[in-house]
Amino acid sequence: MATDETRAGERGVQASDRPPGPDGLPLVGNTVSFLQDPLAFYAHCADDFESDVVSYQIGRSDGYMLTDPAYIEQVLVTDHADYHRGNIINDTLGEIADGGLFLLEDEAWQKQRQALQPAFYRDRIESYAEVMVEFAARGTDDWRDGEAVTLTDEMPTLTLDVLAKTLLDIDIEGEESTIGAAARAITDRFDAGSLSAFLPLWVPTPANRRCNRAVEQFDAQIAGVIANREQSDREFDDLLSILRSVELEDGSGLSDQEIRDELFTFLFAGHETTALALTYTFCLLANNPAKQAKLHDELDVVLDGERPTAASLFELDYLGKVVDESLRLYPPAYTVFREPLEDVQIGGYEIDSGSVLSMPQWVVHRDERWYDDPDEFRPERWTDEFENDLPDYAYYPFGGGPRHCIGMRFALMEAKLAVATVAQRYRLEPGTELPLDLSMQLTLKPSNPVDVVVERR
Ligand code: HEM
C-alpha cells in the first residue's frame, strides 16, 4: 500500500486533471474486472496508482475511489447535502423496497429517520440485551465437543431470529420460517457475483423467480403480522409498534406499504451484516489462541459465571477491542457509495455530478499510514491514545455523517453479547484457516463456508 510520501494527493493537481487509474475496455470500462473480483480491483487501485483519488469507468459512469480519511469526511459529513447514496444501490435493492430508510433521500428520508430514531435510543436497545443473550445461548447450546460448526450457516439464523423477535416480536427460532427462506432467496439473488445479479427482477432467471416468490411470501407474512397487531389489545414495544404510531407533520401515519418497506429494510440491512461480523470475529479468535485466551480470562473475571448483560459490557474492555478490530479487518460493509448532485472538487480534482464515489473501508482500514502491521489481528492496538491519534474516518465500519448506520448500537451490542456468551462456554479451534477467501457482493462475504471446531470450556 502506498505511503504518505508516495501518494500524489493534491500536490500539483489541476482541477481539470483526471485522477490516475486503471485503463478499461472500451464501452464497459472497468465493470467486468470490478464484478469479477472487486477485492483485486480495489487492491489494484490502491497499490498501483499511489493516489487517494483514483479514477475508473463503471458502466457508463465515471467511478472514483477515495481513500484519504479527510476526503471521506468531506463527502459523508461536511458536504453531505451535496450527495445522494445513489443509483448503484437503488438499481438493486430498490426493486424490492424503494420506500425504506436506506433508499429514501432528502426530506422523505429526514422525516422517516427522525421518526424511527427512538427505536434505536440507548435505553430501548439495552432492553433487547436479554433476548440477544438468550438466543445466543439457546442457539449454541447443542454444540458438541469436537464438532465443526459452520458459522456461515448458523450466524445468519441467530441474527435473523434476534431481529424478528426485537423488531416484530415474532418467534421464528428453530423453524424454517418464511422470513428465513425469503432472506436466503433474496441474498442469493443479489449475491450471484456476476453480471446476472444486475439483471432486473422481471427477467425470469431461476434466481429471479425464486426471489420473486420469496418476496411474495415475505409480504404475505408481514401482512399477517400487521393484521394480527390490529386485532390485538396487547401492548407491544418493538419497531413495528413504533412504525405504526409514526405521526408525520401533516398528521398522517405510514401506509402499510411504507411499513412493509421499512421492515424489509431493517431485516435485510441488519441480519447479514451482524452475522458476518460474528463469523469473522469467531474465526479470528479461533486462529489466534493467545487473544482468545485473553478474552476468556477477562470474561471469567468480570462475569464470574453469570450471563453477560448490557451493563457488563462497560467492564468488558478487551471484548470491545476484539469486536472493533474484527470490524476493522473484515468490515461487513466494505465500501460506502455516494453520487454528487452537482460538480464537486475533491483532493483538487473536479468530479462531475452523477459520478460514483466509492470509499472502501476494505482499503482504508488496512492502510499502513494509520495501522502498524495492518493485516494483523491485534485488539490491543485500540488504546485511548491510539484512538485519539487516529484521523476521523480512518475507521468507519458503520459509515458516517447523518446517514450512518441507524442500527450501529444494536449491532455492536448484539455482537459483543453473542461473542461473550459463546466465548464464556466454548474454546474455538480453527476449522477454516486464515486468510479467508472473500467475495465482495452486497456485503463482504467469505467465498466458502467458514467452520470452527468447538470444545466446551
Ligand atoms: C455489523 C453490522 C452492521 C454494519 C457493519 C452496518 C453498516 C452500515 C453502513 C456502513 C451504513 C451506511 C451506508 C451508507 O452510508 O451508504 C449502514 C446504514 C444502515 N444500516 Fe447498518 N450495519 C450493520 C447493522 C445494522 C443493523 C443491525 C440494522 C438494523 C437493525 C441496520 C440498519 C441500517 C439502516 C436502516 C441503514 C440506512 C440508514 C440511513 O440511510 O439513514 N444496520 N449500515
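Worth knowing before you read on, the calculation uses all heavy atoms, side chains too, and leaves out hydrogens, waters and symmetry mates. Order of listing sets the numbers, starting from 1, for every ligand and every atom in it.
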Exercise. Atoms of ligand 1 less than 4.0 Å from F410 heavy atoms?
Worked result: 27 (C)
Problem set entry | Distance (rounded to the nearest 0.5 Å) between D82 CG and S353 OG | 11.5 Å
Exercise. Under 3.5 Å, side chain of E272 to main-chain N/O of T443, donor-acceptor pair present?
Worked result: no
Exercise. Does R338 reach ligand 1 with a nitrogen or oxygen that is under 3.5 Å from one of the ligand's nitrogen or oxygen atoms?
Worked result: yes
Seminar exercise, completed: min-distance protein heavy atom vs atom 2 (C) of ligand 1 -> T273 CB, 3.5 Å
Exercise. In terms of atom number and element, which parts of ligand 1 are under 4.0 angstrom from non-hydrogen atoms of P397?
Worked result: 5 (C), 7 (C), 10 (C)
Exercise. So, does W109 sit close enough to ligand 1 that a heavy atom of it is under 4.0 Å from the ligand?
Worked result: yes
Exercise. Quick one: is the NZ or CZ of R366 closer than 6.0 Å to the six-membered ring centre of Y330, and within 45° of its axis?
Worked result: yes
For this session: Provide the number and element of each atom of ligand 1 under 4.0 Å from a heavy atom of F266.
Result: 29 (C), 30 (C), 35 (C)
Exercise. Considering G407, P332, C405, which one's heavy-atom position lies nearest to atom 20 (N) of ligand 1?
Worked result: C405
For this session: Give the numbers and elements of all ligand 1 atoms closer than 4.0 Å to a heavy atom of R403.
Result: 12 (C), 15 (O), 39 (C), 40 (O)
Problem set entry | I406 neighbourhood, listing ligand 1 atoms whose heavy-atom distance to it stays under 4.0 Å | 34 (C), 35 (C)
